[in-house]
Novice: 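Below is one structure. I have some questions about it.
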Amino acid sequence: MKKYTIVLLVITLLSACNKNDDTVDYTVKNEEEIVAYIAANDLDAQKSSSGLYYVIDELGDGEQPVGTSNVTVAYKGYFTDGGTFDESDADGVSFGLQQVIKGWTEGITYFKEGGSGLLLIPSALGYGSDGRPGIPGGAVLLFDINLISVN
């Protein structure tokens, strides 16, 4: 009985070690991609402690949102190769900052109403290693944003 218990334990340990984990850490790759994009486009970007990069073209002069605010934002979402994956119309879209990706929840709060700029979002603050339709796992996301209002 003891012999079978040891064999079963060894098999369990080996199969646990061989588990295929589809979660990939893109931190280093994303950082390199963002830094290269910033250099190639001569951007004056700031980096937050979370790894989000942002460029403030116009700070704005209205109300500044917090992470729980509802806002209206006009935006264009694209990849570092320039391919667009999403875009609002000039009137923008309204949403709660708690309902969007972490990069937006944090990034939009750096602007005031009327502000505009660029968010450079690593995958950990976007759609992670899984992605979503039209956005591959591990993708860096860029968003030109215009904060129209804090609602």
Novice: According to side chain to side chain donor-acceptor pair (under 3.5 Å), who are the partners of E106, at least two apart in sequence or on a separate chain?
Specialist: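 Counting only residues at least two positions away or on another chain, E106 forms a side chain to side chain donor-acceptor pair (under 3.5 Å) with S48, S50, Y110.
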Novice: Check for me, please, whether I135 and L119 land in the same ILVMFWY cluster - side-chain distances under 4.5 Å, paths through other members count.
Specialist: yes
Novice: Taking the side chain as C-beta and beyond, is there a heavy-atom pair between L141 and F79 under 4.5 Å?
Specialist: yes
Novice: What I'd like to find out is whether the side chain of I101 reaches to under 4.5 Å of the side chain of L125, using heavy atoms alone.
Specialist: no
Novice: More than 12 foreign heavy atoms under 6.0 Å from CG of D81: is that the case here?
Specialist: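 Enclosed: over 12 neighbouring heavy atoms sit under 6.0 Å from CG of D81.
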Novice: Who are the side-chain contact (heavy atoms from CB on, under 4.5 Å) partners of P65, not counting sequence neighbours?
Specialist: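 Testing P65 for side-chain contact (heavy atoms from CB on, under 4.5 Å), a comparison that skips the adjacent residues, returns S69, V71, L97, I108, L147, V150.
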Novice: If hydrophobic clusters are built by linking Ile, Leu, Val, Met, Phe, Trp and Tyr wherever their side-chain heavy atoms come under 4.5 Å apart, do V55 and I34 end up in the same one?
Specialist: yes
Novice: Would V100 and V93 show up in the same hydrophobic cluster when neighbours are defined by side-chain heavy atoms closer than 4.5 Å?
Specialist: yes
Novice: Quick one: salt bridge (Lys or Arg N to Asp or Glu O under 4.0 Å) partners of E31, sequence neighbours excluded?
Specialist: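 Partners of E31 under the salt bridge (Lys or Arg N to Asp or Glu O under 4.0 Å) test: K47.
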Novice: So, for Y53 and A45, which heavy atoms are closest and what is the spacing to 0.1 Å?
Specialist: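 Closest heavy-atom pair between Y53 and A45: CD2-CB, 4.2 Å.
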Novice: Give the table of side-chain donor-acceptor pairs shorter than 3.5 Å for residues 56-64, with sequence neighbours excluded, one pair per line with atom names and distance.
Specialist:
from	atom 1	to	atom 2	distance (Å)
Q64	NE2	T109	O	2.8

Novice: Can you list the residues that meet the side chain to side chain donor-acceptor pair (under 3.5 Å) rule with Y37, with sequence neighbours excluded?
Specialist: none
Novice: Taking side-chain hydrogen bond (donor to acceptor under 3.5 Å, both in side chains) as the cut-off, I'd like each qualifying pair that reaches into residues 113-123, sequence neighbours left out, listed once.
Specialist: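 Checked against side-chain hydrogen bond (donor to acceptor under 3.5 Å, both in side chains) - neighbours excluded - the pairs reaching residues 113-123 are N30-S123.
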Novice: Following the transitive rule for hydrophobic clusters with a side-chain heavy-atom cut-off under 4.5 Å over Ile, Leu, Val, Met, Phe, Trp and Tyr, establish whether L118 and F143 coincide in one cluster.
Specialist: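 No; F143 is not reachable from L118 via cluster members.
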Novice: Could you tell me the separation between the CG atom of L120 and the CG atom of L52, rounded to the nearest 0.5 Å?
Specialist: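 One finds 7.5 Å between CG of L120 and CG of L52.
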Novice: So do P122 and Y26 actually touch side chain to side chain, heavy atoms under 4.5 Å?
Specialist: no
Novice: K76: which residues meet the salt bridge (Lys or Arg N to Asp or Glu O under 4.0 Å) condition with it, sequence neighbours left out?
Specialist: none
Novice: The criterion is side chain to side chain donor-acceptor pair (under 3.5 Å); which residues satisfy it with N70, sequence neighbours excluded?
Specialist: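 None.
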Novice: Mind checking ring-ring contact (aromatic ring centres under 6.0 Å, His included) for F95 and listing every partner two or more places apart, or none if nothing turns up?
Specialist: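 For F95, the residues satisfying ring-ring contact (aromatic ring centres under 6.0 Å, His included) (neighbours in sequence not counted) are W104.
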Novice: Are the side chain of N41 and the backbone N or O of L43 linked by a donor-acceptor pair below 3.5 Å?
Specialist: no
Novice: Could you pull out all residues at least two apart from A74 that satisfy side-chain contact (heavy atoms from CB on, under 4.5 Å)?
Specialist: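 With neighbours one apart ignored, the set is S88, N146, I148.
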Novice: For Y75, which residues count as a side chain to side chain donor-acceptor pair (under 3.5 Å) partner, sequence neighbours excluded?
Specialist: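 Expected list: D86.
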